[in-house]
Every structure is written in C-alpha cells, then in structure tokens.
Amino acid sequence: EVQLVESGGGLVQAGGSLRLSCAASGFTFDDYAIGWFRQAPGKEREGVSCINSSDGSTYYGDSVTGRFTISSDNAKNTVYLQMNSLKPEDTAVYYCAADLFTGPRQICRHLGTHDYWGQGTQVTVSS
C-alpha cells in the first residue's frame, strides 16, 4: 500500500520554526520527486518546496526562499521541510506529494494531480 504520511504541523508564533516530515512507503522512493504544497482557505494550492530524492536537487517557491529548507533522508524514505522565520501568511494545510521521474521544479509548479498525496498537516502561525 502506497502511503505518504505528514507530521510536524502545529501552532507557532510568528518568527518561530517548525519541521514537517513526509514519510513515504509502498513505492521506490529514489525514483520520485517529492514536493511540499500548501493551501490556505480561499486560496489556490501553492508549491512550496520540492526535492528530487535521487540527486538531492531542490526547488523553492519565491515566498519561502531563504526561510524554508527541504531535505531528504533516503535511508528512512522521508522528506523534511524545515520552516524558519514563520509568518502568519504561512498558515495553511501542508501536503506532500510524489511524482515519478520528474524534477523538483516540475513537480512544484504542477498544480494538477500527482501520483501520490498525503493527508496533510495543519500549520498555524499566530501574529
């Protein structure tokens, strides 16, 4: 059974940090690009940051560049999103998704369906 399970969301004050985890199972992790997406109420889904798990190449959306860092632990089939200097506008449900044989820029900028999705984790940043 394919699973992407997100964890690490929560409530944090502006300027604080959170680390999200996306644990993958049921597919060949190294063949996939993994992306973090977010969606706030009334807003379009946004590609936040993505990584190619085989070569470690990354992509960041403009709104998070310099504040968020994506990384991959291939031994654990897990992708992390370290979020620093959080802002209230970062409040959203964060999802991870996986696409086969694609690059991080391509998966992040593709806002249609993906091969696999997680269930999401809520991140709330208070002002």
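Residues: numbered from 1 along the sequence shown. Heavy atoms only: backbone and side chains are in, while hydrogens, waters and symmetry mates are out.
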- Check: Pro88 main-chain N/O paired with Thr91 side-chain donor or acceptor under 3.5 Å: yes
- Shared ILVMFWY cluster between Phe27 and Leu100, side chains joined below 4.5 angstrom? yes
- Query: Judged by atom type as modelled, is there a donor-acceptor pair below 3.5 Å linking the side chain of Arg45 to the main-chain atoms of Leu111?
  - Reply: yes
- Query: Would you say the side-chain atoms of Gln39 pair up with the backbone N or O of Lys43, donor to acceptor, closer than 3.5 Å?
  - Reply: yes
- Message: Within the 4.5 Å heavy-atom criterion, are Leu86 and Leu18 side-chain neighbours or not?
- Response: yes
- In this structure, CG of Asp30 is separated from CG of Asn52 (nearest 0.5 Å) by 9.0 Å
- Query: Going through the checks in order, is the side-chain contact (heavy atoms from CB on, under 4.5 Å) test met by Phe68 and Leu81?
  - Reply: CA-CA 7 Å; Phe68 291 10; Leu81 184 68; 4.1 Å; yes
- Task: For Thr121 and Val93, run side-chain contact (heavy atoms from CB on, under 4.5 Å): C-alpha distance rounded to whole Å, both residues' side-chain angles, the deciding distance at 0.1 Å, then the answer.
- Result: CA-CA 5 Å; Thr121 186; Val93 178; over 6 Å; no
- Item | Plane angle bin for Trp117 and Tyr95 - parallel if under 30°, tilted between 30 and 60°, otherwise perpendicular | perpendicular
- Which atoms form the tightest heavy-atom contact between Ala14 and Ser127, and what is the distance? CB-CA, 4.4 Å
- Is the side chain of Gln122 donor-acceptor paired with the backbone N or O of Gly10 at a distance under 3.5 Å, no angle test? no
- If you round to the nearest 0.5 Å, how far is NZ of Lys76 from OG of Ser25? 15.5 Å
- Item | Minimal non-hydrogen separation, Thr78 against Ser21, with atom names | CG2-CB, 4.2 Å
- Query: Does one hydrophobic cluster hold both Leu20 and Val5, with members joined at side-chain heavy-atom distances below 4.5 Å?
  - Reply: no
- Message: Would you compute the distance between atom CE of Met83 and atom CZ of Arg38 and round it to the nearest 0.5 angstrom?
- Response: 9.0 Å
- Note on the structure: CG of Asp115 to CG of Leu4, rounded to nearest 0.5 Å, is 10.0 Å
- If Ile, Leu, Val, Met, Phe, Trp and Tyr residues are connected whenever their side-chain heavy atoms lie under 4.5 Å apart, and connections chain through other members, are Trp36 and Tyr80 in the same group? no
- Item | Glu46 CD to Arg109 CZ distance, which is reported to the nearest 0.5 Å | 11.5 Å
- Message: Using 0.5 Å steps for rounding, measure from the CD atom of Gln82 to the CD1 atom of Ile70.
- Response: 12.0 Å
- Ile107, Tyr59: one ILVMFWY side-chain cluster at the under-4.5 Å cut-off? no
- Message: Less than 6.0 angstrom separating the ring centers of Tyr94 and Phe37, yes or no?
- Response: no
- Message: Tell me if a side-chain donor or acceptor on Thr58 pairs with a main-chain N or O of Ile51 at a distance below 3.5 Å.
- Response: no
- Item | Side chain Asn74, main chain Ser53, donor-acceptor under 3.5 Å | yes
- Item | Non-hydrogen side-chain atoms of Tyr60 and Cys50 separated by less than 4.5 Å | no
- Query: Quick one: are the ring centres of Tyr32 and Tyr116 less than 6.0 Å apart?
  - Reply: yes
